[in-house]
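Below is one structure, written out as structure tokens; the observations come after it.
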Amino acid sequence: MDWPKHVTIKEVGPRDGLQNEPLFIETEDKIAWINRLSGTGLQHIEMTSFVNPKWIPALLDAAQVARGIQRNPAVTYSALIPNFQGLERALAASVDEVAVVISASEMHNRRNINQSIADSLITLKTITMQAGAAGKAVRGYLSTVFGCPYEGEIALDQVLRLTEKMFEMGVYEVSLGDTIGVAHPRQVEAVVDALLLRFPVEKIALHFHNTRGMALANIVMAMGKGISIFDASLGGLGGCPYAPGAAGNVATDDLNSMLRQMGIVTGLDQERLLLAACFIEEKLGRALPSHALQIVHGKLE
């Protein structure tokens, strides 16, 4: 199989990882964690979301975090932007890049964003235009691609239609999410094959959650199709507040370990990743699920 020679891992732990945590992580600890992540070789860190604190109280300090981190010029620091007010706050905090999100599931979109898909498309188009006018690149997330907790299976035509809509808005890349971790390799193969008939491979990223332990297998399948950009969360931290039962993202440290053993370049320092993972574990007061961390803690031989 013709594997990519290089894979880009985009770290989403400070946003997607922390958003569902019941324990509020202090602002200075978030900043210290992101600073540690900035020294691991990561080129892209999603540091927070400028969402209304009423909906995601774990990220109520988005502006303080964005202003407080030590910016590594080799790293792009992005933030998820759900609405116009969020964009204003993000631009004031000098984010490097904007991320926008829509769900392939009508019901999940209403739960997650409090809008219909049709209304979200209008909102996202305006945000993308305004962000572009401010000189910010925009990345798009399409959630519940592989299944929805409320609607079940999602039609592939819907996935393709919304992906195309996001590119038409001007996003430079679409990350397709297995929000509840139900995807399996054959499904991934079918979805990726359909996407690559219509869109350039370098513009597609994948975002797997590991609810059923299938995330690494799904990534291997996607890599075999030429996909080389994957979102991950250090230690396997994460979960969606509006996707009941969803586990964390694929663990950055597990993914990096697998890719290194396969001879695929990531540019990430595994030891520094694990030190950063241990740091956030301590602040959370609980163990994270990644296998690489379990080895560090002596739980696996």
Side-chain angles (χ1 to χ4, degrees), residues 1-13 16 41-46 76 78 97 99-104 137-147 154 156-167 171-234 236 238 248-268:
M1 192 170 283
D2 190 16
W3 308 108
K5 293 181 173 59
H6 181 276
V7 161
T8 299
I9 300 176
K10 296 195 171 183
E11 176 62 42
V12 297
D16 200 0
L42 286 161
Q43 296 180 335
H44 190 285
I45 300 172
E46 191 175 64
T76 296
S78 72
E97 182 179 295
V100 294
V101 63
I102 192 170
S103 177
V138 182
R139 186 177 195 239
Y141 283 113
L142 182 57
S143 300
T144 64
V145 167
F146 299 91
I154 300 297
L156 184 52
D157 285 348
Q158 172 80 335
V159 172
L160 296 173
R161 180 181 77 88
L162 292 173
T163 302
E164 186 165 30
K165 289 287 187 183
M166 296 185 89
F167 282 128
V171 306
Y172 75 90
E173 178 179 290
V174 174
S175 176
L176 295 107
D178 181 20
T179 308
I180 56 174
V182 294
H184 57 80
R186 282 192 171 178
Q187 184 186 18
V188 171
E189 180 180 32
V191 170
V192 170
D193 281 347
L195 286 164
L196 297 187
L197 288 174
R198 297 177 61 171
F199 311 109
V201 67
E202 66 272 12
K203 290 183 172 289
I204 298 295
L206 290 172
H207 180 114
F208 290 111
H209 286 244
N210 202 38
T211 309
R212 301 185 182 183
M214 299 290 281
L216 289 179
N218 291 331
I219 286 172
V220 169
M221 172 57 78
M223 286 196 303
K225 298 292 180 177
I227 303 294
S228 63
I229 307 167
F230 299 96
D231 299 340
S233 176
L234 193 62
N249 299 70
V250 64
T252 307
D253 38 314
D254 284 346
L255 177 55
N256 188 55
S257 176
M258 180 186 77
L259 294 173
R260 289 173 64 193
Q261 291 180 71
M262 294 173 70
I264 296 172
V265 175
T266 65
L268 305 189

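Under the 4.5 Å side-chain criterion, counting only non-hydrogen atoms from C-beta, V100 is not in contact with Y141. Side chains of V220 and P185 form no contact here, defined as non-hydrogen atoms less than 4.5 Å apart. Using a 4.5 Å cut-off on side-chain heavy atoms (C-beta onward), M223 and M262 make contact. Looking at F208 and D231, their side chains never come closer than 4.5 Å, going by heavy atoms from C-beta outward. Under the 4.5 Å side-chain criterion, counting only non-hydrogen atoms from C-beta, I45 is not in contact with T76.
Qualifying ring-ring contact (aromatic ring centres under 6.0 Å, His included) partners for F199, counting only residues two or more places apart in sequence or in other chains: F167. By the ring-ring contact (aromatic ring centres under 6.0 Å, His included) test, F230 is found to be paired with no residue, residues two or more places apart in sequence or in another chain being considered. Under the salt bridge (Lys or Arg N to Asp or Glu O under 4.0 Å) criterion, E189 pairs with K225, sequence neighbours left out. Under the salt bridge (Lys or Arg N to Asp or Glu O under 4.0 Å) criterion, E97 pairs with no residue at all, not counting sequence neighbours.
Atom CG of L255 sits about 12.0 Å away from atom CZ of R260, to the nearest 0.5 Å. The line from CG of L195 to CD1 of I204 is 5.0 Å long, rounded to the nearest 0.5 Å. To the nearest 0.5 Å, the span separating NE2 on H44 from CZ on R139 amounts to 5.5 Å. Rounded to the nearest 0.5 angstrom, L197 CG and L160 CG are separated by 9.0 Å. Of the inter-residue distances, the one linking I229 atom CD1 with I227 atom CD1 reads 8.0 Å to the nearest 0.5 angstrom. Interatomic distance, CG of L142 versus CD of Q158, reported as 8.0 Å (0.5 Å rounding).
The two residues I102 and M166 make their nearest non-hydrogen contact at CG2-SD, 3.9 Å. Considering every non-hydrogen atom in both D178 and A183, the closest pair reads OD2-N, 3.0 Å. For the residue pair G181 and R212, the shortest heavy atom distance occurs at O-CG, 3.5 Å. When all heavy atoms of L206 and V192 are compared, the pair lying nearest together is CD1-CG2, 4.0 Å. Shortest non-hydrogen contact noted between G147 and V182 is CA-CG2, 4.0 Å. When all heavy atoms are compared, the tightest approach of V201 to G226 is CG2-O, 3.3 Å.
Using modelled atom types, one side-chain atom of N210 and one backbone atom of M214 make a donor-acceptor pair closer than 3.5 Å. The closest donor-acceptor contact from the side chain of S257 to the backbone of D253 lies at 3.5 Å or more, if one exists at all.
Side-chain contact check for H207 and N249: at least one donor-acceptor pair (N or O, by modelled atom type) lies under 3.5 Å. Inspection of the T144 and S103 side chains reveals an N or O donor paired with an N or O acceptor under 3.5 Å.
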*Go through the steps to decide whether S233 and D16 satisfy the test side chain to side chain donor-acceptor pair (under 3.5 Å), and finish with yes or no.*
CA-CA 8 Å; S233 176; D16 200 0; over 6 Å; no
*Would you please test T179 and F146 for side chain to side chain contact (heavy atoms under 4.5 Å, CB included) and show each step?*
CA-CA 8 Å; T179 308; F146 299 91; over 6 Å; no
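The salt bridge (Lys or Arg N to Asp or Glu O under 4.0 Å) contacts involving residues 197-208 comprise E164-R198, where partners must be two or more places apart or lie in separate chains.
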For residues 4-11, which side-chain N or O atoms pair as donor and acceptor with protein atoms under 3.5 Å away, sequence neighbours left out?
residue : atom : partner : partner atom : Å
K10     : NZ   : Y172    : OH           : 3.2
K10     : NZ   : E173    : OE2          : 3.0
E11     : OE1  : L234    : N            : 3.4
E11     : OE1  : T252    : OG1          : 2.6
E11     : OE2  : G13     : N            : 2.8
E11     : OE2  : L234    : N            : 2.9

